[in-house]
Student: 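Please find one structure pasted underneath; my questions will follow.
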Number of protein chains: 2
Amino acid sequence: MATHGKRTKIEDIRRIELIAAAHRVFLEHGLHGMTSARICREAGMSPGILAYYFKGKDEVLFGMVRYNNRLLMEDVIARLKAARTGWERLEAIVEGNFPASAFTQPIANAWLSVCAEAGVNPQYARLQRLFYRRLRSNLASVFEEMAAESRLREAGFIIAALIDGLWLRKAAADDLGRDEAIALVFGGIRSLMTNGEEQRLRHPEG
Amino acid sequence: MATHGKRTKIEDIRRIELIAAAHRVFLEHGLHGMTSARICREAGMSPGILAYYFKGKDEVLFGMVRYNNRLLMEDVIARLKAARTGWERLEAIVEGNFPASAFTQPIANAWLSVCAEAGVNPQYARLQRLFYRRLRSNLASVFEEMAAESRLREAGFIIAALIDGLWLRKAAADDLGRDEAIALVFGGIRSLMTNGEEQRLRHPEG
DNA sequence: CAGAATCTTGTATGAGCGTACAAAAATCTT
DNA sequence: AAGATTTTTGTACGCTCATACAAGATTCTG
């Protein structure tokens, strides 16, 4: 306290508190249920406070997405740094796509609500890109690094879609857990990587 | 006109017209953009007409989903009847999951908006189940029929998730066409079905 | 055609939302 | 402590939406 370096300003504190509250509300009620009033109540503040610290609700929204991405990425970045083999990198990224305590139905739904709104509101489309590329682009890069054949780039495409599909299923049916989801992804990876070009399914036309 | 058998009542006509209009609005504007006023305008009627023929907006919504499922199923059912081999059945179902002129970004988004709302509103959850199982259950049955090994049931799970993931990607990035999507699914099917149990990816732990 | 039944319109009402803002409370400055 | 500044509150306005409803238009019936 002897230092007279800049103390953390109240403005920053409040902004972070509000964004964290917005994040909690978002995960519980989805994008549509994330109202200004609810955010303020969740943060234990008065309804009007939001307009004082933010230009509008959109600013809170974008801040919330950045906050969310930071939370998601922290774990993965640490594991990626420690990873030595390509396989370890792949493991880190795949498991990072299913965060330990975040693969739940409400969160899957919240995530989907952003995707859904992106089609109508172009501003949400930017937001969507941030969400969509959380860890996906890393996945693609590792995949290409592990095997640069053009055929395996298709495989990366398939695995990315598989991961999304499992989240979608989590949101819709909620009939699988985190470990099962990860096992399915690695099952898909195994099949795709051990398969040669020449193999074909028996097929009437062939 | 000589017959005095029941003529199609106006009530039925209007209900169908309104549901069809609701369907068009839904595909263009998503669930959230499907307002009563827009539905009536799309149907060329007065704003208040909806309350006369339906108990509420929910009734229109459910009718719209049934209408949608009927449209989707008609083509598939016809192809399934004509199919002789298991492969043909599989083709019919997979391609039925990507209807010729319906694999578009707006439609993908509209579909997602139902999934997203299902997590918050329990009434939409029922709706979601109808949507989700459109063709999925058929897929599973054909998969199990073609090869009843328990390992391939997992494969059916993966393929179903893959299909959903491709729709999600369509909504989010819109960077693939119908043919590419179908090709990717069959690529996944090929890999999964030609792979034996014993094969494993080289892995430090193994 | 007259009267009844049905269908359609346009508008009104109330709820929920984002946002603006005046006033109150708290904090800082001298 | 007194005034200035920052922070917080509570409320009010304008907007969009679902729904209800009175009044008008149309069709049916005798």
Side-chain angles (χ1 to χ4, degrees), chain A residues 1 4-22 25-26 28-65 113-114 116-117 120-121 123-124 127, chain B residues 1 3-22 25-26 28-65 110 113-114 116-117 120-121 123-124 127:
Chain A
M1 55 173 67
H4 64 91
K6 276 189 295 191
R7 287 179 296 184
T8 38
K9 284 175 292 189
I10 293 216
E11 182 179 333
D12 295 333
I13 297 176
R14 290 287 172 276
R15 284 177 64 99
I16 291 175
E17 285 175 341
L18 283 168
I19 284 178
V25 172
F26 168 70
E28 188 173 3
H29 295 94
L31 187 62
H32 185 246
M34 189 183 69
T35 71
S36 302
R38 256 206 270 254
I39 293 172
C40 296
R41 185 158 9 101
E42 173 71 29
M45 305 180 197
S46 169
I49 200 71
L50 223 155
Y52 182 75
Y53 285 110
F54 295 91
K55 204 169 53 183
K57 197 188 157 190
D58 289 350
E59 202 183 335
V60 187
L61 190 69
F62 277 80
M64 186 271 287
V65 171
S113 63
V114 176
E117 204 64 20
V120 180
N121 189 332
Q123 198 166 16
Y124 284 65
L127 230 142
Chain B
M1 53 176 67
T3 169
H4 63 94
K6 275 190 293 188
R7 286 180 296 185
T8 40
K9 283 174 293 186
I10 292 219
E11 183 178 331
D12 296 332
I13 297 177
R14 291 287 173 274
R15 284 177 65 98
I16 291 175
E17 284 174 341
L18 283 169
I19 283 178
V25 171
F26 168 70
E28 188 173 5
H29 295 94
L31 187 61
H32 184 245
M34 188 183 69
T35 70
S36 302
R38 256 206 269 257
I39 294 172
C40 296
R41 184 157 9 100
E42 173 70 29
M45 305 180 197
S46 170
I49 200 71
L50 222 155
Y52 183 74
Y53 285 111
F54 295 92
K55 203 169 53 182
K57 198 187 157 191
D58 289 350
E59 202 182 336
V60 187
L61 191 69
F62 277 79
M64 188 270 287
V65 171
S113 62
V114 176
E117 203 65 21
V120 180
N121 189 333
Q123 198 164 18
Y124 284 67
L127 228 141

Student: Treat primed atoms plus P, OP1 and OP2 as sugar-phosphate and everything else as base, then score nucleotides 3-19 of chain C 5' to 3': B for base contact with protein heavy atoms under 4.0 Å, S for sugar-phosphate contact only, - for none.
Tutor: ----BBBB------SSS
Student: B:His32: which residues meet the ring pair (Phe, Tyr, Trp, His ring centres under 6.0 Å) condition with it, sequence neighbours left out?
Tutor: A:His32
Student: Quick one: A:Leu18 CG to D:dT7 P, roughly how many Å, whole number?
Tutor: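 For the pair A:Leu18 CG and D:dT7 P, the rounded distance is 13 Å.
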Student: Considering residues at least two apart in sequence or located in another chain, which fulfil the side-chain hydrogen bond (donor to acceptor under 3.5 Å, both in side chains) criterion with A:Arg15?
Tutor: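 With sequence neighbours excluded, A:Arg15 shows a side-chain hydrogen bond (donor to acceptor under 3.5 Å, both in side chains) to A:Glu59, given in chain and number order.
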Student: Once side chain to side chain contact (heavy atoms under 4.5 Å, CB included) is applied, do any residues pair with B:Tyr52, and if so which ones, sequence neighbours excluded?
Tutor: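 Expected list: none.
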Student: Go through the structure and list residues passing side-chain hydrogen bond (donor to acceptor under 3.5 Å, both in side chains) with B:Glu28, not counting sequence neighbours.
Tutor: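 In terms of side-chain hydrogen bond (donor to acceptor under 3.5 Å, both in side chains), with neighbours along the sequence ignored, B:Glu28 is linked to no residue.
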Student: Rounded to the nearest Å, what distance is computed from the CD atom of residue B:Glu59 to the P atom of nucleotide D:dA18?
Tutor: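 So the CD-P distance, B:Glu59 to D:dA18, works out to 15 Å.
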Student: If you look only at pairs with a residue in residues 30-58 of chain A, which of them pass as a salt bridge (Lys or Arg N to Asp or Glu O under 4.0 Å), with sequence neighbours excluded?
Tutor: A:Arg24-A:Glu42
